[in-house]
Amino acid sequence: FFNSRTQNEGHPKWFVLGVGQVIKGLDIAMMNMCPGEKRKVTIPPSLAYGQQGYAQGKIPPNATLIFEIELYAVNKGPRSVEAFNQIDKDGDKKLSELEISQYLKEEFARDGKKRHPSAHDEILADIFKKNDHDGDGFISAKEYNVYQHDEL
């Protein structure tokens with residue numbers, strides 16, 4: 001997770017880098033940043049909001065964006081080796097539907113948000129649709145996108 005301060009909100013913003021929570025230009029610009037580091041980055045429209053712009057954010061079409069970024073903190077995210085090992089209860093280096101289902105139940109209980117009963121099954125199905133690339137019913141470390149495979 002990366003933390004950045006947005007000018008109009010006046011407080012730091014937390015997000016997961018590399019999963020599309022921010023524009024692609026910020027994902028790229030913030031790679032390899034260290035806590036305390038500051039960067040000024042210019043992001044072309046092709047790595048920002050492109051031809052459509054972002055009306056809600058009052059960003060016109062084809063806008064080049066300039067950000068001054070200060071990274072406050074970096075935390076292990078959901079794609080870390082530690083998270084994979086935590087979900088992989090039987091230690092077989094692949095995540096089964098049952099293991100991910102149990103993990104989701106624990107996460108839902110932890111955050112305390114009310115969800116429709118079907119949300120669990122929909123999220124579980126979506127996880128496998130997006131991550132089980134070989135269709136074997138398991139999500140391997142490679143499919144989970146853990147980069148430090150040697151630690152598994």
Side-chain angles (χ1 to χ4, degrees), residues 1-89 91 93-95 99-115 119-120 122-134 138-152:
F1 293 94
F2 288 81
N3 187 346
S4 74
R5 185 184 310 250
T6 57
Q7 208 168 18
N8 34 349
E9 292 175 15
H11 58 83
K13 177 174 173 43
W14 288 93
F15 57 91
V16 179
L17 192 65
V19 298
Q21 288 187 344
V22 294
I23 58 173
K24 187 153 185 79
L26 280 178
D27 272 340
I28 294 168
M30 294 183 72
M31 282 185 164
N32 303 316
M33 280 186 78
C34 299
E37 184 179 346
K38 295 179 183 180
R39 288 184 183 173
K40 184 174 183 177
V41 296
T42 302
I43 300 175
S46 62
L47 296 175
Y49 296 101
Q51 294 178 349
Q52 63 272 19
Y54 181 55
Q56 185 180 347
K58 299 181 181 171
I59 298 171
N62 298 311
T64 296
L65 305 178
I66 300 171
F67 289 93
E68 290 185 11
I69 304 166
E70 180 177 359
L71 184 66
Y72 292 108
V74 178
N75 295 319
K76 298 267 185 197
R79 295 286 179 161
S80 69
V81 173
E82 292 84 357
F84 183 92
N85 289 335
Q86 179 186 354
I87 299 167
D88 184 23
K89 301 282 189 202
K93 307 301 179 207
K94 57 186 179 181
L95 307 179
E99 287 171 323
I100 293 176
S101 177
Q102 185 59 40
Y103 176 75
L104 286 175
K105 286 177 187 170
E106 292 167 6
E107 287 297 304
F108 289 173
R110 194 180 343 261
D111 75 17
K113 292 180 183 173
K114 290 186 178 184
R115 292 180 175 84
H120 177 273
E122 289 170 10
I123 293 170
L124 187 62
D126 190 57
I127 288 170
F128 274 85
K129 180 181 174 188
K130 291 179 179 171
N131 294 282
D132 184 16
H133 304 295
D134 63 8
F138 293 92
I139 297 174
S140 67
K142 185 176 180 182
E143 289 169 323
Y144 187 77
N145 208 15
V146 172
Y147 295 108
Q148 299 151 333
H149 310 301
D150 54 326
E151 293 182 32
L152 294 175

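Count residues from 1 along the sequence.
Contact detail for Leu26 and Ile43: the closest heavy-atom pair is N-CD1, 3.7 Å. Annotation for Glu99 and Ile87: closest pair CB-O, 3.5 Å, computed over non-hydrogen atoms.
With respect to Leu95, the side-chain contact (heavy atoms from CB on, under 4.5 Å) criterion is satisfied by exactly one of Phe84, Phe138, Tyr103: Phe84.
With values rounded to the nearest 0.5 angstrom, Ser46 atom OG is found 10.5 Å from Lys24 atom NZ. Here the CD1 atom belonging to Ile100 is positioned 5.5 Å from the CD1 atom belonging to Ile127, to the nearest 0.5 angstrom.
Under the salt bridge (Lys or Arg N to Asp or Glu O under 4.0 Å) criterion, Asp126 pairs with Lys130, not counting sequence neighbours.
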Enumerate donor-acceptor pairs with a distance under 3.5 Å from any side-chain N or O in residues 48-67 to protein atoms, sequence neighbours excluded.
| residue | atom | partner | partner atom | Å |
| --- | --- | --- | --- | --- |
| Gln52 | NE2 | Tyr49 | O | 3.4 |

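Evaluation of the salt bridge (Lys or Arg N to Asp or Glu O under 4.0 Å) test over residues 30-56, restricted to residues two or more places apart or in two chains, returns Glu37-Arg39.
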Test Ile23 against Leu47 for side chain to side chain contact (heavy atoms under 4.5 Å, CB included), laying out the working first. CA-CA 7 Å; Ile23 58 173; Leu47 296 175; over 6 Å; no
Would you check, one step at a time, whether the test side chain to side chain contact (heavy atoms under 4.5 Å, CB included) holds for Asn85 with Lys93? CA-CA 8 Å; Asn85 289 335; Lys93 307 301 179 207; 4.2 Å; yes
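Using modelled atom types, no side-chain atom of Glu143 and backbone atom of Lys94 make a donor-acceptor pair closer than 3.5 Å.
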